[in-house]
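Below is one structure; the comments refer to it alone.
Indexing begins at 1, ligand by ligand and atom by atom, following the structure's order. Just so you know, residue 1 is the first one in the sequence shown, and it goes up from there.
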Amino acid sequence: MKTSIAFLAPIVILSFSKLVAVQSQSSDRNGRGHDHHNQKPNFLVFLTDDQDLHMNSLDYLPLVQKYIRDEGTEFTNYYTTTAMCCPSRVSLWSGQFAHNHNVTDEAPPHGSYTKFVAQNLDQNWLPAWLQKQGYSNNYIGKFINGVSPTLKHAPKGFDKDHWEPLVEPNIYTFYSPTFSTNDGPLEAHSGVYQTDIISDKSIAILDGLAQNKSQPFLFVISPTAPHDEVWVNGTSGVLFTPPIPAKRHEGLFKNVKVPRVPNFNPDVNDKPSWIGALPKLPDSEIDRIDAKYRARLQSLQATDELVERVIKRLEHNGQLDNTYIVYTTDNGYHLGTHRMYAGKQTPYEEDTNIPFIIRGPGIAKGKKSSAVATHTHFPATVLKLADLPIPDELDAHSIPVLENKAIYGKDQPTEAFAVEFWSNAFFEDAIGRFNTNDYKSVRLIGQGYNLLYTVWCTGEREYYDLVKDPFQVKNIYEETPFNVLDRLDALLNVLRTCKGPTCRDPWSVIHSEHLDNKAFSNKKSHKRVRSLKDALAKKYDAFYASLPKFTFKSCMQYYLPANEITVPAF
Ligand SMILES: *[C@@H]1O[C@H](CO)[C@@H](O)[C@H](O)[C@H]1NC(C)=O
Ligand SMILES: *[C@@H]1O[C@H](CO)[C@@H](O)[C@H](O)[C@H]1NC(C)=O
Ligand SMILES: *[C@@H]1O[C@H](CO)[C@@H](O)[C@H](O)[C@H]1NC(C)=O
């Protein structure tokens with residue numbers, strides 16, 4: 001079915017057979033596989049663009065399954081906390097929620113790489129921390145959105161020679177990509193497939209890194225599939241069309257359709273604001289949705305081949321055993337759910353719950369973990385695996401990826417996080433732009449609970465119990481008792497502005513005032529509140545009922561703190 005990848009650009013294959021010595025590995029007491037020379041591990045990250053988990057895209061990637069899923073652990077409760085590429089990518093590398101890094105949109109003035117750099121965020125992020133410890137950091141493909149062709153220099157933390165981002169307006173034009181090349185001329189290609197160029201460049205970079213194995217590396221490979229093709233054509237504005245597959249993958253998956261799950265184009269669309277007003281999608285739109293779905297899967301086939309080629313090369317170079325390999329994406333994607341045409345940007349599972357698979361020394365093979373994690377957890381996860389100090393200002397602690405959990409010590413498992421959004425929603429490749437899509441949610445998973453509670457900028461609220469309603473078909477806000485909602489309102493109020501330790505243990509903020517209060521701190525009966533289950537104790541009902549509630553004053557397209565307030569309890 002698959003043809004082997006063509007070498008599209010001449011690349012120099014150097015012979016390192018004399019240099020390649022298989023490093024002897026042994027697990028230390030913490031379960032990490034460091035070698036005898038205390039060599040730091042390498043990190044190789046495959047970062048795709050808009051890849052869904054909920055439409056089963058991973059099932060169509062046999063090589064990702066073979067080389068990463070079967071050899072590693074898949075985290076099924078892994079989320080982006082802002083369902084949009086740019087804010088999501090900034091959270092992934094900075095370990096901050098969007099309300100802290102404030103890169104809240106794709107384009108200026110409220111988002112893009114320009115806003116990222118303007119705020120000096122590249123001085124305090126994972127690449128900079130790793131570089132200080134001697135890492136070589138390398139990046140190829142789509143970076144934080146909006147890298148302009150006039151931008152000449154790598155952000156702080158990246159090796160100048162190996163920062164090769166795709167640049168505007170040719171980031172998503174599959175057969176005519178343009179790369180920036182460290183202060184040199186732009187490298188524009190025509191007629192060659194983006195993922196294949198990235199694959200060739202990746203092999204060359206890996207071979208360069210193998211020349212000095214005592215220097216550990218971070219290498220991020222970020223092709224844009226299965227993102228739509230995007231053209232900025234003359235006066236017609238920005239045009240989204242389905243992704244273009246490599247020629248050898250055209251026509252695959254002929255009979256495949258978007259899974260017809262209970263929330264796919266439902267008869268009743270029990271949703272607030274703009275989503276609730278959507279009409280049912282007609283058959284012609286559904287045909288378009290299915291065709292786009294096939295194009296997405298076809299476009300990912302070259303990525304699947306790239307994964308195999310890169311991992312085999314890493315093995316050939318003798319560096320596989322000391323490398324953690326991650327496969328993830330920036331945010332999820334929906335096609336037809338809740339009557340929405342193609343896109344992301346909503347608080348629902350399709351857009352936020354995303355693939356995250358990791359393999360490497362000390363990580364269980366062929367396992368799934370339900371530990372709750374987000375992109376914001378990623379920097380601490382890498383630092384922990386590298387046995388490096390973790391800055392206290394990070395908004396999330398390490399994901400417990402290693403089989404030996406003792407290493408995670410007192411880290412409180414994550415139970416809840418905020419999902420946040422401040423921009424328009426829009427349908428790709430269709431009419432529709434919606435300016436009432438600002439919202440804040442609490443997403444909570446733990447100890448028998450699986451909940452999504454959302455406050456919209458319109459004042460509407462919605463609440464789903466995903467244990468009973470995994471597809472979030474029925475909004476049960478109206479029929480839910482106030483004692484539960486009062487807890488979620490309090491939690492949302494902390495999570496929407498939390499920073500560092502208060503994000504990692506939000507209940508400690510709510511219960512700190514009355515730790516000294518006699519009514520609550522009776523030494524014998526007092527138990528620290530660390531979860532929703534603890535907080536639901538009846539003795540706290542009056543306290544939670546009295547707390548102010550979060551609300552937006554109006555729908556704005558950016559994060560203005562004065563627009564986000566609390567009002568006295570209803
Ligand atoms: C976020 O950035 C916007 C401009 O894009 C600014 O007006 C706002 O005050 C910033 N918010 C915070 C919390 O700094
Ligand atoms: C290899 O990397 C180490 C660690 O960064 C560095 O000290 C050393 O000089 C490098 N060796 C060569 C030959 O570049
Ligand atoms: C945009 O223009 C390019 C170059 O003229 C053309 O190849 C491409 O098909 C156009 N895209 C769309 C969506 O019209």
- With heavy atoms only and a cut-off of under 4.0 Å, state how Tyr559 meets ligand 1: side chain, backbone, both or neither. both
- Task: Decide whether a cation-pi geometry holds between Lys440 and Tyr559; the criteria are a distance under 6.0 Å from NZ or CZ to the six-membered ring centre and an angle within 45° of the ring axis.
- Result: yes
- Query: Does any donor atom in the side chain of Glu462 or Tyr477 lie under 3.5 Å from an acceptor atom in the other side chain?
  - Reply: no
- Is the NZ or CZ atom of Lys499 both under 6.0 Å from the centre of the six-membered ring of Phe97 and within 45° of that ring's axis? no
Give the table of side-chain donor-acceptor pairs shorter than 3.5 Å for residues 160-167, with sequence neighbours excluded, one pair per line with atom names and distance.
from, atom 1, to, atom 2, distance (Å)
Asp161, OD1, Asn182, ND2, 3.4
His162, ND1, Asn138, OD1, 2.8
Glu164, OE1, Lys201, NZ, 2.6

- Message: If only side-chain N and O atoms count, and only distance matters, is there a donor-acceptor pair under 3.5 Å linking Tyr327 with Gln51?
- Response: yes
- Numbered in order shown, the ligand 1 atoms found under 4.0 Å of a heavy atom of Pro561 are 11 (N), 13 (C)
- Task: Using the six-membered ring wherever Trp is involved, compare the ring planes of Phe434 and Trp274 and label them parallel, tilted or perpendicular (cut-offs 30° and 60°).
- Result: parallel
- Less than 3.5 Å between some nitrogen or oxygen of Asn102 and one of ligand 1, yes or no? yes
- Task: Report yes or no: is the cationic atom of Arg443 (NZ for Lys, CZ for Arg) closer than 6.0 Å to the six-membered ring centre of Phe417, at no more than 45° off its axis?
- Result: no
- Any idea which part of Lys115 is under 4.0 Å from ligand 1, heavy-atom wise: side chain, backbone, both or neither? side chain
- Per the under 4.0 Å non-hydrogen criterion, ligand 2 touches Asn212, Ser214, Gln215
- Message: Is there a side-chain contact (heavy atoms from CB on, under 4.5 Å) between Ser94 and Leu121? Walk through the geometry before answering.
- Response: CA-CA 8 Å; Ser94 68; Leu121 288 166; 5.6 Å; no
